[in-house]
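When a ligand or atom number is given, it counts from 1 through the structure's own listing order. Because the structure is a prediction, the values reported are computed rather than measured.
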Amino acid sequence: MARSSKVWDVVVVGAGNAAFCAALAAAESGKKVLVLERAPESESGGNSRFTAGLMRIAYNGVEDLKRVMPELSEAEIGRSDFGTYTEEQFLDDMGRLTEYRCDPDLTEVLVKQSLPTLEWMRSKGVRFTAAWGRQAFNIGGRFKFWGGLTVEAVGGGPGLVDSLTSIARKNGIEIWYEARALDLISDDGGVKGVRVKRKGKTLELKSNAVVLAAGGFQADPEWRTRYLGPGWELAKVRGTRFNTGDGIRMALQAGAAATGNWSGCHAVAWERNAPEFGDLAIGDQFQKHSYPWGIYLNAEGKRFVDEGADFRNYTYAKYGRVILSQPGQFAWQLFDAKVKGQLRDEYKIKQVTKRTGNTLEELVSKLEDTNQEQALKEIRAYNAAVQTDIAFNPNIKDGRCTRNLSINKSNWANTLDTPPYEAYAVTCGITFSFGGLKINSQAQVISSDGVPIPGLYAAGELVGGIFWFNYPGGTGLTNGAVFGKIAGQNASRR
Ligand SMILES: Cc1cc2nc3c(=O)[nH]c(=O)nc-3n(C[C@H](O)[C@H](O)[C@H](O)COP(=O)(O)OP(=O)(O)OC[C@H]3O[C@@H](n4cnc5c(N)ncnc54)[C@H](O)[C@@H]3O)c2cc1C
């Protein structure tokens with residue numbers, strides 16, 4: 001095996017958002033930094049490239065937002081109601097959604113460093129904008145933001161990764177594509193380098209520190225079935241095919257501790273006939289997130305979940321699992337003409353499994369693989385249970401509910417009574433696994449004996465202990481950026 005005589009200061013495994021934040025932070029002190037990317041350049045950037053680029057940060061008002069989006073004009077500010085999303089609100093959301101299992105130390109760092117980290121990214125040249133298109137409703141000419149999610153990277157995920165890549169190059173960081181890290185080289189003194197297969201050739205690289213940012217294990221059907229449980233090999237992968245648990249495996253072999261929600265993951269409603277892995281030409285448009293305005297039916301023709309339990313970005317990440325557990329691992333989302341204007345852009349792409357009907361009978365007759373008789377009964381029972389005296393208001397949890405159904409809808413319950421009717425077939429799309437490596441607030445990887453492994457740092461999707469059961473939308477990129485930056489800074493000090 002070839003051995004390189006060069007000693008790198010920091011080798012970063014992965015080339016997504018967490019990896020580049022680590023590399024940029026490490027390069028600040030003039031250190032020699034190498035980024036290893038398993039994918040070819042055309043598919044590089046991991047899941048980060050597939051995102052919409054939404055990033056959750058705590059802010060106390062528009063002055064904070066201007067620190068990351070200095071280009072916001074007075075006119076834009078005038079027509080936007082950004083509200084606030086305080087550190088307390090972010091902490092509350094993390095606690096509530098993870099059923100209070102999120103690691104308190106890491107969560108505090110995540111929340112407190114969210115704004116300063118994006119400000120730092122901005123100082124490096126990454127540009128952000130307000131998420132008017134996705135996270136705001138136009139009310140009387142003013143955009144009111146909801147759900148604590150206000151900022152997105154310019155150009156979405158592809159824009160974010162392209163900009164991080166070119167900033168990294170400008171900062172003298174070397175990037176190797178088609179370079180798959182295989183193992184860590186370590187001894188009693190800690191991690192000393194990485195073994196890598198680059199374009200078919202195996203090499204040993206020496207480095208003072210290694211940052212692992214190689215994503216979760218969601219793209220490996222065997223790991224999914226082993227840890228998430230039977231049936232998970234049947235899920236579609238929303239993002240990159242390259243996140244197969246390599247970083248986690250390498251660290252565990254070097255003595256790292258596993259932690260977090262190993263049987264849990266982020267998974268959403270996803271086009272039933274989508275390909276096995278994400279398609280960069282479509283990005284996240286296979287997702288189908290407008291279910292709060294309609295109803296779900298499964299193959300038995302039955303509703304199975306409270307579509308209006310909370311705002312979309314507090315339920316979407318756990319409903320993929322619910323869909324996977326339905327007969328045939330699929331479901332229909334049904335809407336009528338009243339809410340058509342409310343449907344997100346992703347419903348307008350060509351690659352949808354869509355059925356329409358001018359009557360409920362006609363619509364139901366087109367729902368293949370489904371008990372159509374029961375479906376019609378279910379819709380009628382649902383319509384009769386809607387509390388129509390409560391006004392529909394998509395901007396708040398309006399309390400317009402159903403009563404006396406075995407599964408009630410808590411908010412935004414609209415009757416399906418205005419043709420044409422539409423149904424969209426969805427299955428489960430897995431985004432990322434929740435279980436992973438144990439780190440401390442310095443992003444050092446902790447060994448199974450409870451002490452930091454010298455020279456080893458980790459950030460992003462492959463870290464466990466932060467997300468459990470559910471997830472507040474837009475936190476994945478922020479998490480990778482916050483701990484990536486910390487990992488890079490500390491790795492460069494070795
Ligand atoms: C469709 C979709 C939409 C999403 N939308 C959002 C959103 O809007 N906001 C948000 O916050 N989150 C979103 N997420 C989640 C988000 O993508 C992740 O939380 C985040 O990108 C993880 O970043 P990361 O850097 O840890 O991993 P990644 O970006 O996945 O990077 C991992 C990298 O490691 C590389 N790699 C893997 N194995 C090896 C190896 N052995 N050697 C070398 N390299 C290796 C991969 O090729 C990749 O470059 C979305 C995810 C998907 C799939």
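- Judged as a side-chain contact (heavy atoms from CB on, under 4.5 Å), and not counting sequence neighbours, the contacts of R96 are D93, Y100, D310, Y314.
- The residues E28 and K485 are annotated as not salt-bridged, no charged nitrogen and carboxylate oxygen being separated by less than 4.0 angstrom.
- For R344, the side-chain contact (heavy atoms from CB on, under 4.5 Å) partners at least two apart in sequence or on another chain are R134, Q287, H289, S290, R312, E346, Y347.
- In this structure, D162 pairs ionically with R49, as a charged nitrogen and a carboxylate oxygen lie closer than 4.0 Å.
- Remark: W8 pairs with no residue by the ring-ring contact (aromatic ring centres under 6.0 Å, His included) rule, at least two apart or across chains.
- For ligand 1, the 4.0 Å heavy-atom shell takes in V13, G14, A15, G16, N17, A18, L36, E37, R38, G45, G46, N47, S48, F50, T51, A52, G53, L54, A179, R180, A181, A213, A214, G215, R238, G239, F242, N243, D246, D284, T431, F432, G460, E461, Y471, G474, T475, G476, L477, ordered by chain and residue number.
- You'll find the ring centres of W412 and Y291 outside the 6.0 Å limit.
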